[in-house]
Colleague: 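This is the structure I have questions about; it appears just below.
Naming: A, B, ... by sequence-line order, numbering from 1 per chain.
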Protein chains: 2
Amino acid sequence: MKRGELAASSGCNAETIRYYEKIGLLPAPRRAANGYRDYDERHEERLHFIQRGRELGFNIDDLKSLLSLVDRNAVSCHEVEEMAKQHLQSVRSKISQLRRMEAILAETISSCSGEDVPECPLIESLFND
Amino acid sequence: MKRGELAASSGCNAETIRYYEKIGLLPAPRRAANGYRDYDERHEERLHFIQRGRELGFNIDDLKSLLSLVDRNAVSCHEVEEMAKQHLQSVRSKISQLRRMEAILAETISSCSGEDVPECPLIESLFND
DNA sequence: TCTTGACTCTGTATTGGCTACAGGGTTTAT
DNA sequence: ATAAACCCTGTAGCCAATACAGAGTCAAGA
């Protein structure tokens, strides 16, 4: 499986795959005679893991730890749980931040006359605390 | 008002103030005899505007547009409303994405035994699906 | 008065997580 | 046979800051 094929099957950008290899997230695959990377299903699985993790907001270092746990073949459920809990907390705080933003935006928009007047409540809400 | 004072009064990092000037978001202030930047209340207000906007998730370009409307002294409420609406939409989509993450994380954590077993539901949920 | 520390100046490098490009080689389809 | 589409490498760029190096300036204490 060449890089472009893995990219297509995973939906991951082909350059990103090379990047993941460079930073040590995805192991370097064996090379075909022509020098092309040759991936197998294990790479596919691992890339999928990485993609899922990224979607869920784990950063590269988180994923390195998670994958090192996997690689040791001695996954301590407890360690993983701890990371996930911390992560859940940060997700929840992001949600509440965004909710505040949402409320303010929605409110100021609703108070907007939509006319060509110099008094725009949105602009004003940005100036005045 | 020197840079450090503006930084202290606004809570903005002093380097960030210089950065905002460099990218044309905050106008260059006049210089004191010693070459130090000398800010006035107008800079303070504008920086506050920028900070509020960034908090609300507007990016630098958004803020440039908003500030150019302000500077033209011809704020069209309608233009601003459009930007805010688009932005509100993106905020809402971020929220719903995070909600999904939250649900998956919460679910997998709750299915976690917490023991030192090699079958970790969280890890598995990242591999499978 | 001297000195020490805190500030300011400039330009540049670094961060994270990619993405894009330049300049070459190879494969595939027509 | 040739053109398009892929692959290789290394490097530069993106956003929104942040940090650092090396120099100048200022205010307070000994």
Side-chain angles (χ1 to χ4, degrees), chain A residues 1-40 43 46-67 87 90-91 94 97-98 101 126, chain B residues 1-40 43 46-67 87 90-91 94 97 101:
Chain A
M1 194 179 213
K2 322 195 227 183
R3 185 154 61 108
E5 288 165 350
L6 180 57
S9 92
S10 66
C12 183
N13 183 302
E15 295 288 304
T16 303
I17 292 171
R18 194 159 67 96
Y19 169 72
Y20 285 159
E21 179 180 326
K22 189 176 143 208
I23 62 172
L25 205 51
L26 197 59
R30 70 179 208 84
R31 297 295 180 117
N34 55 14
Y36 286 14
R37 288 172 180 82
D38 187 16
Y39 297 97
D40 59 28
H43 292 100
R46 199 183 178 93
L47 179 56
H48 186 231
F49 182 100
I50 294 165
Q51 289 185 285
R52 283 278 289 171
R54 293 290 301 129
E55 272 170 36
L56 289 179
F58 288 98
N59 65 24
I60 301 288
D61 274 353
D62 290 339
L63 291 177
K64 277 187 182 170
S65 327
L66 284 173
L67 284 166
H87 191 61
S90 93
V91 165
K94 273 180 202 157
Q97 271 189 330
L98 284 168
M101 287 171 42
L126 285 172
Chain B
M1 194 181 214
K2 310 195 237 187
R3 186 154 60 108
E5 289 165 349
L6 180 57
S9 93
S10 66
C12 184
N13 184 302
E15 294 289 303
T16 303
I17 292 171
R18 196 160 65 97
Y19 168 72
Y20 285 159
E21 179 180 325
K22 189 177 144 208
I23 62 172
L25 205 50
L26 197 60
R30 70 179 208 85
R31 298 295 180 116
N34 56 14
Y36 286 15
R37 288 171 180 83
D38 186 15
Y39 297 97
D40 58 28
H43 292 100
R46 199 183 178 94
L47 179 56
H48 186 232
F49 182 101
I50 294 164
Q51 288 185 287
R52 279 279 287 172
R54 293 289 302 125
E55 272 170 36
L56 289 179
F58 287 99
N59 66 23
I60 302 287
D61 273 353
D62 291 339
L63 291 177
K64 277 187 184 170
S65 322
L66 286 173
L67 284 168
H87 187 61
S90 96
V91 166
K94 274 180 200 157
Q97 273 189 329
M101 285 174 42

Colleague: Could you state the CG-C1' distance from Asp61(B) to dA17(D), rounded to the nearest angstrom?
Modeller: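 Whole-Å distance recorded here is 15 Å.
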Colleague: Hey, mind stepping through Tyr20(A) and Arg46(A) against side chain to side chain contact (heavy atoms under 4.5 Å, CB included) and telling me if it holds?
Modeller: CA-CA 11 Å; Tyr20(A) 285 159; Arg46(A) 199 183 178 93; over 6 Å; no
Colleague: Check step by step if side chain to side chain contact (heavy atoms under 4.5 Å, CB included) holds for Lys64(B) and Asp61(B).
Modeller: CA-CA 5 Å; Lys64(B) 277 187 184 170; Asp61(B) 273 353; 4.2 Å; yes
Colleague: What are the two closest heavy atoms between Leu63(B) and Ile50(B), and how far apart are they?
Modeller: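 Shortest heavy-atom separation between Leu63(B) and Ile50(B) comes out as CD1-O, 3.7 Å.
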Colleague: Send over the distance from Leu63(A) CG to dG16(C) C1', rounded to a whole Å.
Modeller: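 Answer to the nearest Å: 13 Å.
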Colleague: In whole Å, I'd like the distance from the CG atom of Asp62(A) to the C1' atom of dG17(C).
Modeller: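 Asp62(A) atom CG is separated from dG17(C) atom C1' by 13 Å.
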Colleague: What about Glu15(A), does its side chain sit under 3.5 Å from the base of dC21(C) through a donor-acceptor pair?
Modeller: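 Indeed, a donor on one side and an acceptor on the other fall under 3.5 Å apart.
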Colleague: If the cut-off is 4.0 Å, is Arg31(A) near the phosphate of dT9(D), judged by side-chain N/O to OP1 or OP2?
Modeller: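 Arg31(A) to dT9(D) OP1/OP2: side-chain N or O found under 4.0 Å.
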Colleague: Could you check which of dT9(D), dT8(C), dA17(D) has an atom nearest any side-chain atom of Arg54(B)?
Modeller: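 Nearest nucleotide to the side chain: dA17(D).
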Colleague: On DNA chain D, does the nearest nucleotide to Lys22(A) precede the nearest nucleotide to Gly35(A) from the 5' side, or the other way round? Give the residue.
Modeller: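 Taking each residue's closest nucleotide, the earlier one in sequence belongs to Gly35(A).
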Colleague: Do Tyr20(A) and dG17(C) have a side chain to base donor-acceptor pair shorter than 3.5 Å?
Modeller: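 No such pair is found, so the answer is no.
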Colleague: Rounded to the nearest angstrom, tell me the gap between atom CD in Glu55(A) and atom P in dG17(C).
Modeller: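 Those two atoms, CD and P, are 15 Å apart.
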Colleague: Taking the nucleotide of DNA chain C with the closest heavy atom to each, which residue, Ile60(A) or Glu5(B), is nearer the 5' end?
Modeller: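 Looking at DNA chain C, the more 5' nearest nucleotide goes with Glu5(B).
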Colleague: Tell whether Tyr19(A) reaches the base of dG16(C) with its side chain through a donor-acceptor pair below 3.5 angstrom.
Modeller: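 No, the side chain and the base share no sub-3.5 Å donor-acceptor pair.
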Colleague: Given atom CD1 of Ile23(B) and atom C1' of dC14(D), what is their separation to the nearest angstrom?
Modeller: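 About 13 Å, once rounded to whole Å.
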Colleague: Using a cut-off of strictly less than 4.0 Å, decide whether Arg37(B) has a side-chain nitrogen or oxygen near OP1 or OP2 of dT10(C).
Modeller: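 So the side-chain polar atoms of Arg37(B) do come within 4.0 Å of the phosphate oxygens OP1 or OP2 of dT10(C), strictly under.
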Colleague: Between Asn59(B) and Asn34(B), which is nearer to the 5' end of DNA chain D once each is assigned its nearest nucleotide?
Modeller: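 This one resolves to Asn59(B).
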Colleague: So, are Arg18(A) and Glu15(A) salt-bridged, with charged N and O less than 4.0 Å apart?
Modeller: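 Result for this pair is yes, salt bridge flagged.
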Colleague: Rounded to whole angstrom units, what separation is found between the CZ atom of Arg3(B) and the P atom of dC7(C)?
Modeller: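 One finds 12 Å between P of dC7(C) and CZ of Arg3(B), rounded.
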Colleague: Choose from dT25(D), dA17(D), dC21(C) the nucleotide whose nearest atom is closest to any side-chain atom of Tyr36(B).
Modeller: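 Nearest to the side-chain atoms of Tyr36(B), counting from C-beta on, is dT25(D).
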Colleague: Would you indicate, yes or no, if dA16(D) has its OP1 or OP2 atom less than 4.0 angstrom from a side-chain nitrogen or oxygen of Thr16(B)?
Modeller: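 No, because none of the side-chain N or O atoms of Thr16(B) sits under 4.0 Å from OP1 or OP2 of dA16(D).
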Colleague: So, applying side-chain hydrogen bond (donor to acceptor under 3.5 Å, both in side chains) with Glu21(B), which one of Arg3(B), Arg37(B), His43(B) is it?
Modeller: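 The passing option is Arg37(B).
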Colleague: Within this structure, what is the CD-to-P distance between Glu21(B) and dT18(D), rounded to whole angstrom?
Modeller: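 Atom-to-atom, Glu21(B) to dT18(D), this comes out as 17 Å.
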Colleague: Please check if the side chain of Asp38(A) supplies one atom and the backbone of Met1(A) the other of a donor-acceptor pair under 3.5 Å.
Modeller: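 Judged by distance alone, yes, a pair lies under 3.5 Å.
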Colleague: Ile17(B) has an atom CD1; how far is it from atom P of dT18(D), in whole Å?
Modeller: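 Those two atoms, CD1 and P, are 11 Å apart.
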Colleague: Just to confirm, is there a sub-4.0 Å distance from OP1 or OP2 of dC9(C) to any side-chain nitrogen or oxygen of Arg18(B)?
Modeller: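 Indeed not, no polar side-chain atom of Arg18(B) lies that close.
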Colleague: Of the nucleotides dT12(C), dT18(D), dC9(C), which one has an atom closest to the side chain of Asn13(B)?
Modeller: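 Minimum distance to the Asn13(B) side chain belongs to dT18(D).
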